[in-house]
Amino acid sequence: MILRKSLVAAALATAIITAPIAAALTSPAAFAEQQQAKGTVYILATGGTIAGAAKSATQTTGYKAGALGVQTLIDAVPRMKDYAKIEGEQIANIGSQDMTTDIWLKLAKRINELLKRDDVTGVVITHGTDTLEETAYFLNLVVKSDKPVVMVGAMRPATAISADGPMNLLDAVRVATDPESKGRGVLVALNDTINAARANTKTNTASLQTFSSPEVGAVGMITGGKVRYYRQVEREHTTKTPFDVSKLDKLPRVDIIYTHVSDDGVMADAAVAAGAKGIVSAGSGMGSIHKDTYPALEKAIAKGVVVVRSNRTGSGFVDAAQQWKDCVTADNLNPQKARILLQLALTQTSDPKKIQEMFDKY
Ligand code: SIN
């Protein structure tokens, strides 16, 4: 505990020393005026390694994620005030493996409320990296604003030597305040790289360069403190989707079934028995399904359960050639993202043809 406090204090002291001399010389009234002119960025904290604490400065695994509060994260990076007035709110403080639909809905509703305000430039969400891609894609489909929403995390706890969280957080604020970030949907900023929510995925359990967008690539970089974009986001998102969280307090159950050698229908039967309204098949290759699993899926479809064919390879698409019965094909959405789109689609319709149109669009 003492070590954790001294490490956080050391990080804070370093950050304060590096704060711009100009800011220190500005009168409090002039400084407040400048901040107002810059607009406000809200940091909504949910936990994760970026708020993680370990027993020693060299411990980078087995630490506690979601141990530090949002104000500690903000205090450690005073340079963020060069870009905006910074406000923090604690939405949750968990390891992101424990993320829930309830937290998602609370987060999305709060973001939509904040972004309606003229004084709010953008929102930054601190989040564990494990399920960050899922929260990012969910928000990408339900946020109703063109203003920047930027997700950020870290791979090393805040107490580690060379913790990556403070620089990632500063970069996230740079992205959230850059006018070029508008209209690109939810963005993920980590390790100098900006990925768009739909394609972004965690690719490594421990490396600092864990997020990437297989096949389509990152949308931009942050180098020398400058935000640089290299491509647009083509798939529709945020204001162009029909999904409205203001009317939702839960999402329909959708289960993912991961295929393997000697697979059978046990998991599909169990999903239906648990009340699933949808099943995402994480198929092999281009979404292939074991011959012994088909009968259970056929029974599920007959009961009105919507089945989406995705794949377990980590990249690539499942196309219309894999259409079987009334199945939907997931394009290049990975299973965990196909699950989110299917959950939201099921709030509007259970017609597989209409749901396929959504998968072709979002
Ligand atoms: C988590 O996802 O909360 C733990 C892992 C991380 O943030 O990197």
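Numbers for residues simply follow the sequence, beginning at 1. As the structure lists them, so they are numbered: ligands from 1, and atoms in each ligand from 1.
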Query raised in the report: Can a salt bridge be assigned to the pair E298 and K325 using a cut-off of 4.0 Å between side-chain N and carboxylate O?
Result: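 Counted as a salt bridge, because a side-chain N and a carboxylate O are separated by less than 4.0 Å.
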Tell me which protein heavy atom sits closest to [atom], plus the residue, atom name and distance to 0.1 Å.
atom	answer
atom 3 (O) of ligand 1	S96 N, 2.6 Å
atom 8 (O) of ligand 1	T129 OG1, 2.4 Å
atom 4 (C) of ligand 1	T49 OG1, 3.6 Å

Query raised in the report: G95 heavy atoms, cut-off 4.0 Å: which ligand 1 atoms fall inside?
Result: 3 (O)
Query raised in the report: In ligand 1, which numbered atoms sit nearer than 4.0 Å to a non-hydrogen atom of G48?
Result: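 Ligand 1 atoms under the 4.0 Å threshold to G48: 3 (O), 7 (O).
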Report task. Verify the neighbour count for atom CE of M267: are there more than 12 heavy atoms of other residues, nucleotides or ligands below 6.0 Å? Result -> no
Query raised in the report: How about K226 and R228: do any of their side-chain heavy atoms sit closer than 4.5 Å?
Result: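 When only atoms from C-beta onward are counted, R228 and K226 do touch, with a gap below 4.5 Å.
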Query raised in the report: Nearest 0.5 Å, what's the OG-CD1 distance between S56 and I161?
Result: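 Reported value, rounded in 0.5 Å steps: 8.0 Å.
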Report task. Could you label the plane-to-plane angle of the W104 and F138 rings as parallel, tilted or perpendicular, counting under 30° as parallel and over 60° as perpendicular? Result -> parallel
Report task. Mind running salt bridge (Lys or Arg N to Asp or Glu O under 4.0 Å) on D119 and R117 for me, showing each step along the way? Result -> CA-CA 5 Å; D119 63 311; R117 280 173 35 185; 2.9 Å; yes
Query raised in the report: Looking only at heavy atoms of A154, does any of them come nearer than 4.0 Å to an atom of ligand 1?
Result: yes
Query - Any N/O pair D130/ligand 1 closer than 3.5 Å - result: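 Checking ligand 1 against D130, an N or O pair does fall under 3.5 Å apart.
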Requested in this report: Using distance alone, determine whether M155 and ligand 1 share an N or O pair under 3.5 Å.
Outcome: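 In fact, backbone or side chain, M155 has no N or O that close.
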